[in-house]
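This report concerns only the one structure given below.
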Amino acid sequence: GLAKGGLGDWYDWTPEKGHAGNAQLTPIELTATAMLFDNARIVSDSARLLGSKRDAESFAALSENVRADFVKAYYDPATHSVSTGSQAALSVGLHFGLVPEADRDVVLANLVRAVESQNYRPTTGEVCFRYMVRALADAGRSDVVYRIIDRTDPPGYGCMLRQYGLKTLSEQWDKPGSSLNHCMFGHIQEWFQSDLLGIRQAEESTGFERLRIAPTPVGDLREASGHYDSPRGRIAVAWKKTGVVFHLDVTVPGNTTAEVLLPAAEKTIVTEGGQSINETRGIREKARTGNEILLEVGSGRYEFKTEPGGV
């Protein structure tokens, strides 16, 4: 069955009421049921790693039962929508895999339309904002995420900064809330690091032993830089677009390897420190598609540049 609701998507937003407290746009049981599904999945995975087969199977069965109940209660296969069709409901369905796999692209298109219909204003609350960011970014739509945050009208970060001059995150983001030091709307920091800068662990890596550096230039943004202090040392990324030339500086800490994904069309010239990557020790080309090149590098600092080659 469905889980009992709590606060739901707390402090979601509507043009009429702003932030009103309890969820206005999404059933509170929807978010609670998604949490139950995810918690059962996590416990099952943990039990499997610990060698507890019975617990792993029990909680895996619970997660699948909850998933089936969620789909039955909230997913409409005719419209490819989730519950009320709110940004929050669609995002939860996508992020937690609670919509049929074959329908994901259509549900994603519905989410994008839901955002566009609000002129890129987020209506999600503190609970589901992260799930919307992740649902969009993980599907390759960081361009939409950028348009959501690159605004100064309410609700949003720009409103907090420009209209109210806040230096900390308010509990609500259309005007100062009862709390002016609330971390919940800080989820965008994850997107800054993992998508905009592209600092992530590689699949199956633990402790940042293997990295995946895949920056995502978006919109009219021309440069970005930042770092993450991992257990193995500082991982730093700085990228800049100058016309058709893309610069990427990467620092990989000691005892660490990294996959680096660069934008590179078929005839793109890729250099490191002014030298062809084919002539540079410690760099291996793993794959090249029509728009990207995947490199593998070891510890060190790298200065990559991509620019169009000959016809």
Exercise. Do we see a donor-acceptor contact under 3.5 Å between the side chains of Ser225 and Trp239?
Worked result: no
Problem set entry | Note: Lys305-Glu303 ion pair, threshold 4.0 Å (strictly below) | no
Exercise. Tyr120 ring centre to Arg147 NZ or CZ under 6.0 Å, with the angle to the axis within 45°?
Worked result: yes
Exercise. Can you tell me if Thr168 uses its side chain to pair, donor with acceptor, with the backbone of Leu180 under 3.5 Å?
Worked result: yes
Problem set entry | Side chain to side chain, Phe70 and Val82, heavy atoms closer than 4.5 Å | yes
Problem set entry | Donor-acceptor pair between Thr306 and Thr268 side chains, under 3.5 angstrom | no
Seminar exercise, completed: Sorted by chain and number, sequence neighbours left out, side chain to side chain donor-acceptor pair (under 3.5 Å) with Glu223 holds for none
Exercise. Should we say atom OH of Tyr75 is surrounded by more than 12 heavy atoms from elsewhere, each under 6.0 Å from it?
Worked result: yes
Problem set entry | side-chain contact (heavy atoms from CB on, under 4.5 Å) evaluation trace for Val99 with Arg104 | CA-CA 7 Å; Val99 298; Arg104 286 188 65 86; 4.1 Å; yes
Exercise. Charged N to carboxylate O under 4.0 angstrom, Arg141 versus Asp143?
Worked result: yes
Problem set entry | Whether Phe96 and Phe37 hold their rings parallel, tilted or perpendicular, with breakpoints at 30° and 60° | perpendicular
Exercise. Would you say the side-chain atoms of Tyr146 and Asp220 include a donor-acceptor pair closer than 3.5 Å?
Worked result: yes
Exercise. Under 3.5 Å, side chain of Arg232 to main-chain N/O of Gly254, donor-acceptor pair present?
Worked result: no
Problem set entry | Check: Trp173 ring centre within less than 6.0 Å of Tyr164 ring centre | no
Exercise. Okay, side chain of Ser142, backbone of Ala137: is any donor-acceptor separation there less than 3.5 Å?
Worked result: no
Exercise. Looking at Asp69 and Lys72, does any basic side-chain N land under 4.0 Å from a carboxylate oxygen?
Worked result: no
Exercise. Are Asp195 and Arg200 ion-paired here, with the side-chain N under 4.0 Å from a carboxylate O?
Worked result: yes
For this session: Please check if the side chain of Gln24 supplies one atom and the backbone of Asp12 the other of a donor-acceptor pair under 3.5 Å.
Result: yes
Exercise. Any ion pair linking Arg210 and Glu259 (charged N to carboxylate O, less than 4.0 Å)?
Worked result: yes
For this session: Examine the side chains of His95 and Arg134 and answer whether a donor and an acceptor come within less than 3.5 Å of each other.
Result: no
Exercise. Do Glu171 and Ser178 have a side chain donor and acceptor closer than 3.5 Å?
Worked result: yes
For this session: Spell out, as yes or no, whether a donor-acceptor pair under 3.5 Å connects the side chain of Thr280 to the backbone of Ile283.
Result: no
For this session: Taking atom types as modelled, find out whether Asp55 and Ser58 have a side-chain donor-acceptor pair closer than 3.5 angstrom.
Result: no
Exercise. Asp76 side chain to Ala78 main-chain N or O, any donor-acceptor pair under 3.5 Å?
Worked result: yes
Exercise. Counting N and O atoms only, with roles assigned by atom type, does the side chain of Arg67 sit under 3.5 Å from a partner on the main chain of Gly97, one being a donor and the other an acceptor?
Worked result: yes
Problem set entry | Backbone of Gly18 reached by a side-chain donor or acceptor of Asp174 within 3.5 Å | no
Exercise. Within a radius of less than 6.0 Å around CZ of Arg54, do more than 12 heavy atoms belonging to other residues, nucleotides or ligands occur?
Worked result: no
